[in-house]
Amino acid sequence: MPPRAPLVDSVSHELAELRSAGLWRELKEIASAQEPRVVLDGREVLLFCSNNYLGLANHPSVVAAARDALAKYGASAAASPLVSGHMSIHRALEEKIAAWKGLEAALVCSSGYQANLGVIGALVGRGDVVLSDELNHASIIDGCRLSRAAVRVFRHNDVDHLSALLAESGDARRILIATEAVFSMDGDLAPLREIVALAKQFGAWTLVDEAHSTGVFGPCGAGLAAELGLTREIDVHVGTLGKALGSAGAYVAGSRVLIDLVVNRARSFIYSTGLPPASAAAALAAIDVCEREPERAIGLRQRVARLADRLRAAGLSVPAGDSQILPVRVSGSAVEAGDDARRALSAMRALLDRGVYVAAIRPPTVPPGTSRLRLSVMATHTQQDLDAACQNVIAVLRSPLSRS
Ligand SMILES: *Cc1c(COP(=O)(O)O)cnc(C)c1O
């Protein structure tokens, strides 16, 4: 038997390497609701890394709906959906989502991670091909891996590369193209029109993950596919209820047969407890707010575009995106490879010292050399909040200190 280190020694060594590479991660503790100002480590800071984009997580009608459902249905679904964990409130939410998006059917899952894992594995397997954007979310990547289909990664938003890979996948039984609508780390939009056209040309299916576009894009927040008039052209719509909709959980939506397949075949769905009923009720109420108050999302997008312009005017690298997610690259040509992760971390800490909480996004979430600060803007941020974030980000990224 080879000598094997005890767990504590082996793991400590691994963690020390993470620390020295600037890749250490730790949980922070927020002691208040996801408002523009939160209490972090006993101190009030401006929150610029929450996905509560529309402020719905603590909207009075969303909270009231959750409270009513809690009283009526209790705290838990207490079983997987196929056993006794699918309640009337889940069904009501599914009907609401299908109608909102203009689709035949929808299914509620307990997380977006679960939804992608389940739906991809249900649709494709050995002998099939998934074509996946290189910046797709971990849940899509893991869904592809678990499915046992051949996975071919196309360069981010590169439809020529996608087209070439489609042409090379001639003998696949099924081909699924998977992309996010608004990319979670770059905030840019997928070229859905071109992707749909290619899918048609090659007989491929399409899966679009609207995690960050649900609630924010499209008529009454129905998503980017709806905004582009592509709803019926896309085979599989996935979205989360835990971001702009301020609740938790996710949905898969599309044709009735798609939903029947997921119910019958998606292991992550079948073997996991249903979404808590209060979360379903909260999401349903949140969609109602999106329908009643479309100006929330519209105002958010206008303000974030102005903020991006100001950061760019100050010479910062903010890639062209059109969403509420603003990535600000920390690497200049002077930054050595690998240094960008440490620099992002020190910039994030410097901002926190100044009372602004943003995310430092580093590998493996993004490719090496592309570490960044990511600002997530909320409809509830005031102009003063945006000004404060803007000024502090500019000051910190221009300071030599954060380069160390
Ligand atoms: C957040 C996210 C998910 C996961 O959703 P959860 O409900 O948080 O599990 C899936 N896909 C994308 C693109 C995401 O950003």
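One-based numbering, in listed order, for ligands and for the atoms of each. A quick note: this is a predicted structure, and the numbers were derived from the prediction, not measured.
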For this session: Report the C-alpha distance between R306 and D309 in whole Å, list the side-chain angles of each, state the deciding distance to 0.1 Å, and finish with yes or no for salt bridge (charged side-chain N to carboxylate O under 4.0 Å, His left out).
Result: CA-CA 5 Å; R306 286 201 297 271; D309 285 343; over 6 Å; no

Exercise. Charged N to carboxylate O below 4.0 Å: is that the case for D142 and R145?
Worked result: yes

Seminar exercise, completed: Per-atom filter on ligand 1: closer than 4.0 angstrom to a heavy atom of Y113 are 4 (C), 5 (O), 6 (P), 9 (O)

Exercise. Do H161 and E134 have side-chain atoms, one donor and one acceptor, less than 3.5 Å apart?
Worked result: no

For this session: Check whether any heavy atom of S139 sits under 4.0 Å from an atom of ligand 1.
Result: yes

Problem set entry | Heavy-atom nearest neighbour of atom 13 (C) of ligand 1 within options L117, I140, N51, D209 | D209

For this session: Compare all side-chain heavy atoms of F202 with those of L162 and state whether any distance is below 4.5 angstrom.
Result: no

For this session: Within a distance under 4.0 Å of any heavy atom of E180, pick out the atoms of ligand 1 and give their elements.
Result: 13 (C)

Exercise. Is it true that atom CD of Q383 has more than 12 heavy atoms of other residues, nucleotides or ligands lying nearer than 6.0 Å?
Worked result: yes

For this session: Mark up the atoms of ligand 1 that fall under 4.0 Å of a heavy atom belonging to G112, in ascending order.
Result: 4 (C), 5 (O), 6 (P), 7 (O), 9 (O)

Problem set entry | Nearest-neighbour protein heavy atom for atom 8 (O) of ligand 1, which is reported as residue plus atom name and distance | K243 NZ, 4.5 Å

For this session: Please state which part of H212 comes within less than 4.0 Å of ligand 1, counting heavy atoms only: side chain, backbone, both or neither.
Result: side chain

Seminar exercise, completed: Note: ligand 1 atoms sitting under 4.0 Å from heavy atoms of A211 are 2 (C), 11 (N), 12 (C), 13 (C), 14 (C), 15 (O)

Exercise. Is there at least one pair of N or O atoms, one from T240 and one from ligand 1, spaced under 3.5 Å apart?
Worked result: no

Exercise. With only distance considered, is S184 within less than 3.5 Å of ligand 1 through an N or O on each side?
Worked result: no

Exercise. Does any non-hydrogen side-chain atom of V208 lie less than 4.5 Å from one of T179?
Worked result: yes

Problem set entry | Lys/Arg-Asp/Glu bridge criterion (N-O < 4.0 Å) met for R37, D385 | yes

